[in-house]
Number of protein chains: 2
Amino acid sequence: MAVNRRYTKQRELVLDALRSTRAHPTAEEIYMSLKDDHPEISLGTVYRNLNVLYEQGEIIRVEGNFPSVRFDGNAMLHYHFRCAACGELFDLELGYQDVIDTLANEISPHTINRHSIMFEGICRSCEQAN
Amino acid sequence: MAVNRRYTKQRELVLDALRSTRAHPTAEEIYMSLKDDHPEISLGTVYRNLNVLYEQGEIIRVEGNFPSVRFDGNAMLHYHFRCAACGELFDLELGYQDVIDTLANEISPHTINRHSIMFEGICRSCEQAN
DNA sequence: TTGGATGCAAAGGTTTTGCAGTAAT
DNA sequence: ATTACTGCAAAACCTTTGCATCCAA
């Protein structure tokens, strides 16, 4: 059965931190950004709250190969882009393409509900740096 | 400058192991599958060779959030499907959709070269198990 | 009052790395 | 002969977890 969650300052802090940035921070980065104003918060608590918020569907774990998991406070389905040169991660302003799920369901024996896309290329600033 | 790579038995073993399966094994799983016939091989060597083969573009690291990185001996661009129930990972027989890159390039300030897609849903056997 | 949440630190799991020896070129 | 590669083990790194305490409901 579901756990009865409680409101805590720390949970709110973690969620606010994620929602107030367009970056896709790691747990460690969120922890670092919080501990100046809230020295009592612990890294373990940040991890635990990220997991809770993820289970509740409030945040996203970006699908990709990163040394640490990267989180996204925008829970709406959207796509990501990673620069092959600098490794920076960006949101992509391309709307969710339902047709991709339709296509996939036509050819797959499995039941497909959703997808995530990671684009790769060279970001604007790396391009200009050449 | 590029390193001068040498042929080694261990590198070939790792590549062969990956190419001869449709699963998407972790480094540990590859190591386990090899060490019966080749007790001298070490896990560190498996990791190092996977990294070399990846840099050379011979193999793929599946984009996704798994406890350990999962590798794919099929270096052709293709999509993956993960079952939300059992966690199993499958190749998807949907051809690469160039149109997605075209769409993305139209709306993005960055230069997009390729993408990978992770589909999610319920696999056939989990569906039937209900 | 109850039990979910926290802080801290230790433990767990994955991947990398230093080193001395081995082997491909 | 040169130097990339290997095996081994230690280290590094990321994330989870046990425990005593705290605090939201």
Side-chain angles (χ1 to χ4, degrees), chain A residues 1-18 23-56 58-72 82 87 89, chain B residues 1-18 23-56 58-72 82 87 89:
Chain A
M1 75 177 197
V3 181
N4 294 309
R5 296 292 176 194
R6 292 181 183 176
Y7 167 87
T8 68
K9 185 72 179 171
Q10 289 87 339
R11 186 120 72 225
E12 183 177 50
L13 285 170
V14 170
L15 185 54
D16 286 352
L18 259 179
H24 301 80
T26 63
E28 177 82 26
E29 287 167 344
I30 294 169
Y31 169 67
M32 289 303 198
S33 76
L34 290 176
K35 80 169 188 196
D36 282 344
D37 288 342
H38 308 275
E40 76 288 358
I41 203 169
S42 75
L43 180 57
T45 293
V46 172
Y47 271 104
R48 273 186 286 230
N49 279 312
L50 287 168
N51 289 341
V52 169
L53 292 167
Y54 174 72
E55 285 161 21
Q56 295 177 333
E58 305 248 36
I59 64 173
I60 283 175
R61 299 154 86 106
V62 181
E63 302 261 13
N65 290 315
F66 306 98
S68 318
V69 175
R70 306 192 61 159
F71 294 90
D72 192 327
R82 182 185 46 222
L89 184 61
Chain B
M1 75 173 198
V3 181
N4 294 310
R5 295 295 176 192
R6 293 180 182 175
Y7 166 86
T8 67
K9 184 71 179 172
Q10 289 86 339
R11 187 120 72 224
E12 183 176 51
L13 285 171
V14 170
L15 184 54
D16 285 351
L18 259 179
H24 301 80
T26 63
E28 176 81 25
E29 288 166 344
I30 294 168
Y31 169 66
M32 289 304 197
S33 75
L34 290 176
K35 81 168 187 195
D36 283 343
D37 288 341
H38 308 274
E40 75 289 356
I41 204 170
S42 77
L43 181 57
T45 293
V46 171
Y47 270 103
R48 275 186 284 228
N49 279 310
L50 286 168
N51 289 341
V52 169
L53 292 167
Y54 174 71
E55 285 161 20
Q56 295 178 333
E58 306 248 37
I59 64 173
I60 283 176
R61 298 154 86 106
V62 180
E63 302 262 13
N65 290 315
F66 307 97
S68 318
V69 176
R70 305 191 61 161
F71 293 89
D72 193 327
R82 181 183 47 221
L89 184 60

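Below, read A as the first sequence line, B as the second, and so on, with proteins coming before strands; counting in each chain starts at 1. What's counted below: heavy atoms across the whole structure, side chains too, no hydrogens, waters or symmetry copies.
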Are the side chains of B:Tyr31 and B:Ile41 in contact, using a 4.5 Å heavy-atom criterion? yes
Looking only at C:dG7, C:dA5, D:dG7, the nucleotide nearest the A:Thr45 side chain is C:dG7
Roughly, in whole Å, what's the span from CZ in A:Phe66 to C1' in C:dT14? 18 Å
Classify the nucleic acid contact of B:Tyr47 as base, sugar-phosphate or nothing, counting any heavy atom under 4.0 Å across all strands shown. base
Using whole Å, what does the distance between atom P of nucleotide D:dA1 and atom CZ of B:Arg6 come to? 14 Å
With a 4.0 Å cut-off on N to O distance, would you call A:Lys9 and A:Glu40 a salt bridge? no
Does a nitrogen or oxygen in the side chain of B:Thr26 sit under 4.0 Å from OP1 or OP2 of C:dT14? no
Between P of D:dA25 and CZ of A:Arg5, the distance in whole Å: 13 Å
Rounded interatomic separation in angstrom, taking CG from A:Asn49 and C1' from D:dC23: 14 Å
What contact category does A:Glu40 fall into here, base, sugar-phosphate, or nothing, at under 4.0 angstrom with non-hydrogen atoms? sugar-phosphate
Ignoring the backbone of B:Asn51, work out which of D:dG7, C:dT16, D:dA4 is nearest its side chain. C:dT16
Polar side chain donor-acceptor pair, A:Arg70 to B:Asn65, under 3.5 angstrom: no
5'-most contact on DNA chain C (nearest-nucleotide basis), B:Glu28 vs B:Lys9, goes to B:Glu28
Measure from CG on A:Leu53 to P on C:dG4 and round the result to the nearest Å. 17 Å
Please state whether the phosphate of D:dC23, meaning OP1 or OP2, lies under 4.0 angstrom from any side-chain nitrogen or oxygen of A:Gln10. no
Specify the separation, in whole Å, of atom CG of B:Leu50 and atom P of C:dT14. 15 Å
Specify the residue among A:Arg11 and B:Arg61 whose closest nucleotide of DNA chain C lies further upstream toward the 5′ end. A:Arg11
Nearest to the side chain of B:Ser68 - D:dC5, C:dT14, D:dC14? C:dT14
At under 4.0 Å between heavy atoms, what does A:Val69 touch on the DNA or RNA strands: base, sugar-phosphate, or nothing? sugar-phosphate
Output the rounded distance in Å from NZ (B:Lys35) to P (D:dG7). 13 Å
From OH of B:Tyr7 across to P of D:dT3 the rounded distance in Å is 23 Å
Compare all side-chain heavy atoms of B:Arg11 with those of B:Arg48 and state whether any distance is below 4.5 angstrom. no
Would the base of D:dT6 count as contacting B:Arg48 through its side chain, where contact means a donor and an acceptor less than 3.5 Å apart? no
Counting distance only, does the side-chain N/O of B:Glu29 pair as donor-acceptor with the main-chain N or O of B:Thr26 below 3.5 Å? yes
